[in-house]
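Notes follow once the structure below has been shown.
Numbering of ligands and ligand atoms starts at 1, following listing order. For this chain, numbers begin at 1 and follow the sequence in order.
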Amino acid sequence: MNATQNVPLQFYNSFGIVAKAFSLVRIGTVEDAVAAQQALKNHPEGHCVLGGGSNIVLTGDVKPLVLKMEIMGKSLVAETDKAWIVEAGAGENWHELVAWSLEQGWPGLENLALIPGSVGASPVQNIGAYGVELQDRFDSLDALDLVTGQIFTLNAAQCAFGYRDSVFKHVSSGPNGIGLAGRALILRVRFNLPKVWKPVLG
Ligand SMILES: Cc1cc2nc3c(=O)[nH]c(=O)nc-3n(C[C@H](O)[C@H](O)[C@H](O)COP(=O)(O)OP(=O)(O)OC[C@H]3O[C@@H](n4cnc5c(N)ncnc54)[C@H](O)[C@@H]3O)c2cc1C
């Protein structure tokens with residue numbers, strides 16, 4: 001794992017706040033993610049995950065290890081009579097995924113065009129706009145458990161989506177409590193784009 005020291009974050013947050021990461025690692029592959037999880041043992045300050053930086057406010061230099069998500073790739077991974085299942089890496093730009101899917105002739109994400117940020121952050125707050133939320137087009141995602149090092153898959157019910165809310169915004173309370181805040185590093189997200197499509201105009 002190659003961590004870079006003293007990285008300016010000004011261009012990695014949409015407010016352009018001047019701050020630096022004491023240590024930042026770029027996650028371009030699943031292997032990078034696994035290596036970063038191992039390295040966390042040597043970072044008592046913990047970690048923070050950075051996507052496109054459009055929903056964070058930096059209040060100073062960042063001591064936790066910054067995991068900058070850059071896993072790329074988007075493809076059709078399955079097709080049924082009813083839907084196209086499209087997968088995208090967490091580091092993909094959200095709007096570019098929307099535009100690309102529409103260019104392929106797979107509608108469904110159009111209401112979510114131009115929302116700033118990355119694919120990996122989209123399930124965190126269940127992004128939404130103009131009557132459509134991510135959960136309406138969500139199939140599943142793969143994530144790395146930053147505590148155990150295990151890669152796991154969640155469906156929509158397991159993500160516990162709510163209004164700008166999900167399991168990724170809650171800390172687990174007790175052995176049966178749900179909550180993956182600070183624990184799940186989202187690697188890939190799959191979308192269910194229905195073939196029988198009606199525009200949502202509400
Ligand atoms: C001008 C503007 C307009 C916006 N309009 C909308 C809108 O219409 N609808 C809407 O829903 N939101 C909107 N937002 C909010 C923002 O676009 C979303 O929250 C978006 O999902 C943030 O993506 P990001 O990659 O920039 O996330 P970041 O700001 O980098 O991170 C946001 C949170 O997600 C976590 N995170 C990021 N990537 C991962 C990952 N791979 N795994 C685990 N955790 C991760 C971070 O740790 C952080 O807690 C808007 C923001 C701006 C600035």
> Taking C-beta and beyond as the side chain, do Asp32 and Val25 meet within less than 4.5 Å on heavy atoms?
Replying inline: no
>> Quick one, Leu24 and Leu9 - any side-chain contact, counting heavy atoms below 4.5 Å?
In response: yes
>> Whether the side chain of Asn111 engages the backbone of Val200 through a donor-acceptor N/O pair (distance < 3.5 Å, no angle test) should be reported.
In response: yes
>> If you define the side chain from C-beta out and look only at heavy atoms, does anything of Val196 sit under 4.5 Å from Lys82?
In response: no
> Where is the nearest protein heavy atom to atom 21 (O) of ligand 1: which residue, which atom, and how far?
Replying inline: Ile127 CG2, 3.3 Å
> Among protein heavy atoms, which lies nearest atom 46 (C) of ligand 1, and at what distance?
Replying inline: Val49 O, 3.2 Å
>> Going by the closest heavy atom to atom 11 (O) of ligand 1, which one wins out of Arg183, Met69, Gln125?
In response: Gln125
>> Using a 3.5 Å distance criterion without hydrogens, assess whether the side chain of Lys195 forms a donor-acceptor pair with backbone atoms of Thr80.
In response: yes
>> Using a 4.0 Å cut-off to any heavy atom of Gly128, which atoms of ligand 1 qualify?
In response: 7 (C), 8 (O), 9 (N), 10 (C), 11 (O)
>> Is any side-chain heavy atom of Val124 closer than 4.5 Å to one of Val49?
In response: no
> Of the protein's non-hydrogen atoms, which lies at the shortest distance from atom 24 (P) of ligand 1, and what is that distance?
Replying inline: Gly52 N, 3.4 Å
> What is the nearest protein non-hydrogen atom to atom 31 (O) of ligand 1, stated with its residue, atom name and distance?
Replying inline: Ile56 CG2, 4.0 Å
> Between Ile186 and ligand 1, which residue portion shows a heavy-atom distance shorter than 4.0 Å: side chain, backbone, both, or neither?
Replying inline: both
> Among protein heavy atoms, which lies nearest atom 32 (C) of ligand 1, and at what distance?
Replying inline: Asn55 CB, 4.0 Å
> Which is it for Ala143 and ligand 1 at heavy atoms under 4.0 Å: side chain, backbone, both or neither?
Replying inline: neither
> Is there a heavy atom of Cys48 sitting under 4.0 angstrom from any atom of ligand 1?
Replying inline: no
> What atoms of ligand 1 come closer than 4.0 angstrom to any heavy atom of Gly53?
Replying inline: 24 (P), 26 (O), 28 (P), 29 (O), 30 (O)
>> Please check if the number of heavy atoms outside Asn6 that lie under 6.0 Å from its CG is greater than 12.
In response: yes
>> With a 3.5 Å distance limit and no angle check, can you tell me whether Lys74 reaches the backbone of Ser101 through a side-chain donor-acceptor pair?
In response: no
> How close does the nearest protein non-hydrogen atom get to atom 27 (O) of ligand 1, and which residue and atom is it?
Replying inline: Ala121 CB, 3.4 Å
> Looking at Arg164, which atoms of ligand 1 are within less than 4.0 Å of one of its heavy atoms?
Replying inline: 11 (O)
> Is it true that a side-chain atom of Glu110 and a backbone atom of Gly108 form a donor plus acceptor pair closer than 3.5 Å?
Replying inline: yes
>> Name the residue from Gln37, Arg183, Gln150 that meets the side chain to side chain donor-acceptor pair (under 3.5 Å) definition with Asp145.
In response: Arg183
>> For the 3.5 Å polar cut-off, considering only N or O atoms, please tell me whether Ser54 and ligand 1 meet it.
In response: yes
>> Polar contacts were defined as any N/O atom of the residue lying under 3.5 Å from an N/O atom of the ligand; does this apply to Leu50 and ligand 1?
In response: no
> Would one find an N or O of Asn126, backbone or side chain, under 3.5 Å from an N or O of ligand 1?
Replying inline: no
> Salt-bridged, Glu45 to Lys63, with N to O below 4.0 Å?
Replying inline: no
> Would the number of heavy atoms belonging to other residues, nucleotides or ligands and lying under 6.0 Å from CZ of Phe15 be above 12?
Replying inline: no
> With only distance considered, is Ser14 within less than 3.5 Å of ligand 1 through an N or O on each side?
Replying inline: no
> Considering Gly120, Gly117, Pro116, Ala181, which one's heavy-atom position lies nearest to atom 50 (C) of ligand 1?
Replying inline: Pro116
> Would you say Val57 and Ile17 make side-chain contact, with heavy atoms under 4.5 Å?
Replying inline: yes
> Do Val7 and Val66 have side chains that get closer than 4.5 Å, going by heavy atoms?
Replying inline: no
> Do any nitrogen or oxygen atoms of Ile115 lie less than 3.5 angstrom from nitrogen or oxygen atoms of ligand 1?
Replying inline: no
> Please state which protein non-hydrogen atom is closest to atom 35 (C) of ligand 1 and give its distance, to 0.1 Å?
Replying inline: Val124 CG2, 4.2 Å
> Taking distance alone, with no angle check, do Gly51 and ligand 1 share an N/O pair under 3.5 Å?
Replying inline: yes
> Does Lys169 have a non-hydrogen atom less than 4.0 Å from ligand 1?
Replying inline: no
> Which residue owns the protein heavy atom closest to atom 43 (C) of ligand 1, what's the atom, and how far is it?
Replying inline: Ala184 O, 3.3 Å
